[in-house]
Amino acid sequence: APFPPAERALREPDGLLAIGGDLSPTRLLNAYRHGIFPWYGPGQPILWWSPDPRMVFETATFRLPSRFRRSLRRLDWEVRFDTCFEAVIDACATIPRGGEAGTWITAEMRQAYLALHRLGHAHSVEVFAGEELVGGLYGVGIGRMFFGESMFSAASGGSKIALAALARRLAQAGCPLLDAQVANPHLQRLGGTPMPRARFLEQVSGLCAAPCPIDDWADPAARTTTATLAAGSSTASPTP
C-alpha cells in the first residue's frame, strides 16, 4: 500500500505522516525512497515520519571541528564498513544516552534492519581501537542516497569519527547527501543543516533512482584511519 504524500504530514508533532503497516523490506525501502522513516517506542504502533525541515549533511563539505581533528592525532583507530552490522545496531540500542531512558530500536526494528542488511540495503560504519568496537552508526543506502538511522560512542568521539568516515566515503563515491532526519544541537555543531522538505524530497527522488556507485561496502580498501581523518579533508575526486 502506498504512503500518503509527505506534504500531508502533521505540523504538530512535526512530520507524523502515517500509523500502522509493517516493517517489511519492501515497505521500508518504499518509505525511504519517499523521504519517510519509521520511529516509535515500545508499546506504540509503527509511526511513520517526514519532518519539515530535514536535517542533512552535504558530504563534499563535511568537516570535523579543528580542535577535534587535532585530538585524533593521538589515536590509532581504524574505521571499517559492514564487518559487524549486528554489533553496531545492538550498541545503538543499548548504550546509555544522557537524558534518555529506553530505546526506540525495538526487537521488531532490530530484525527489520538486520533483514535489510542481509539484502544489501542497510550498512554499518564501525570504529575500532585495536579489536574493540568504540563507535559506529548504521543506516540505509539506496542508489546515491544514504539515510542515517542511529549512532553510538563507547569511547569519546567514536560516533563523530564514524560520521566523518561515512561522509568521506560517500563524497568519494559521488553521493552528495547524508540524511540525519531531525535537527538537534549535536548534529548542528557537526555541520548538519536544515533543508526544506520539498527540496529534500526532490533530491531524494533523483538520488535514489540513480545506480549505486559502491559495489562492495565491506571492501577492506575502503577502510580509513583517524590519522587520515585528522588531515581534515572528507573528500577526494568523486567517482564518475
Side-chain angles (χ1 to χ4, degrees), residues 32-33 35 37 51 53-66 68-69 72 77-82 85 88 92 120-127 135-153 157-197 199-219 221-240:
Y32 283 107
R33 288 188 179 101
F37 59 88
R54 193 69 163 244
M55 175 62 74
V56 299
F57 290 94
E58 295 186 4
T59 62
T61 58
F62 184 92
R63 296 290 185 276
L64 286 169
S66 57
F68 182 71
R69 291 203 311 271
L72 296 184
W77 294 358
E78 183 182 52
V79 184
R80 307 170 191 170
F81 299 86
D82 270 6
F85 183 92
V88 169
C92 288
H121 299 297
H123 306 285
S124 59
V125 185
E126 307 119 14
V127 183
L137 63 82
Y138 75 94
V140 175
I142 303 176
R144 292 174 58 221
M145 185 70 203
F146 193 92
F147 303 87
E149 273 297 318
S150 186
M151 57 186 182
F152 81 97
S153 289
S159 63
K160 292 180 186 178
I161 292 169
L163 187 63
L166 175 61
R168 182 176 185 271
R169 187 170 187 189
L170 292 173
Q172 290 173 338
C175 302
L177 283 185
L178 167 55
D179 174 37
Q181 297 183 347
V182 180
N184 65 51
H186 175 64
L187 295 176
Q188 289 174 321
R189 286 193 294 270
L190 289 173
T193 57
M195 178 180 288
R197 181 173 56 211
R199 182 181 166 206
F200 176 78
L201 295 176
E202 181 180 2
Q203 295 208 31
V204 164
S205 177
L207 291 171
C208 286
C212 178
I214 300 176
D215 294 328
D216 180 10
W217 271 86
D219 184 0
R223 297 179 182 183
T224 190
T225 65
T226 47
T228 299
L229 298 174
S233 174
S234 67
T235 67
S237 299
T239 311

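This is a predicted model, so every value here is computed, not measured.
Annotation: side chain of L137 is not in contact with side chain of C92 (no heavy-atom distance under 4.5 Å). Residues I214 and H123 form no side-chain contact, since every pair of their non-hydrogen atoms from C-beta on lies 4.5 Å or further apart. Side-chain atoms of E126 and V79, non-hydrogen and from C-beta on, never get closer than 4.5 Å to each other. Counting only heavy atoms from C-beta outward, the side chains of F68 and I161 approach each other to under 4.5 Å.
The closest donor-acceptor contact from the side chain of R54 to the backbone of G35 lies under 3.5 Å. When atom types are taken as modelled, the side chain of D179 and the backbone of G148 share no donor-acceptor pair closer than 3.5 angstrom.
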(request) In sequence, state the C-alpha distance, the side-chain angles, and the governing distance for E58 and L177, and then conclude on side-chain contact (heavy atoms from CB on, under 4.5 Å). (result) CA-CA 5 Å; E58 295 186 4; L177 283 185; 4.1 Å; yes

(request) Would you check, one step at a time, whether the test side-chain contact (heavy atoms from CB on, under 4.5 Å) holds for L163 with F62? (result) CA-CA 9 Å; L163 187 63; F62 184 92; 3.8 Å; yes

(request) Kindly determine whether V56 and T193 satisfy side-chain contact (heavy atoms from CB on, under 4.5 Å), including the steps that lead there. (result) CA-CA 6 Å; V56 299; T193 57; 4.0 Å; yes

(message) Set out, in order, the CA-CA distance, both residues' side-chain angles and the distance that settles side-chain contact (heavy atoms from CB on, under 4.5 Å) for F152 and V88, then state yes or no.
(response) CA-CA 8 Å; F152 81 97; V88 169; 4.2 Å; yes

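No more than 12 heavy-atom neighbours from other residues, nucleotides or ligands sit within 6.0 angstrom of CD on E202.
Taking all atoms of both residues into account, the shortest heavy-atom contact from A162 to V125 is O-CG1, 3.6 Å. Closest of all the heavy-atom pairs between G158 and V127 is O-CG2, 3.5 Å. Considering every non-hydrogen atom in both R144 and P211, the closest pair reads CG-O, 3.5 Å. Across G157 and S153, no two heavy atoms sit closer than the pair C-OG, 4.2 Å. Of all the heavy atoms in M151 and L187, the pair that sits closest is CE-CD2, 3.8 Å. Heavy atoms only, all atoms of each residue included: M55 and N184 are closest at CE-N, 4.2 Å.
Rounded to the nearest 0.5 angstrom, R169 CZ and T59 OG1 are separated by 13.0 Å. A distance of 9.0 Å separates CG in L207 from CZ in F200, rounded to the nearest 0.5 Å. From E149, atom CD reaches atom OG of S124 across 13.5 Å, with rounding to the nearest 0.5 Å.
With F147 as the fixed residue, the ring-ring contact (aromatic ring centres under 6.0 Å, His included) test singles out one of Y32, F37, F57, Y138: Y32.
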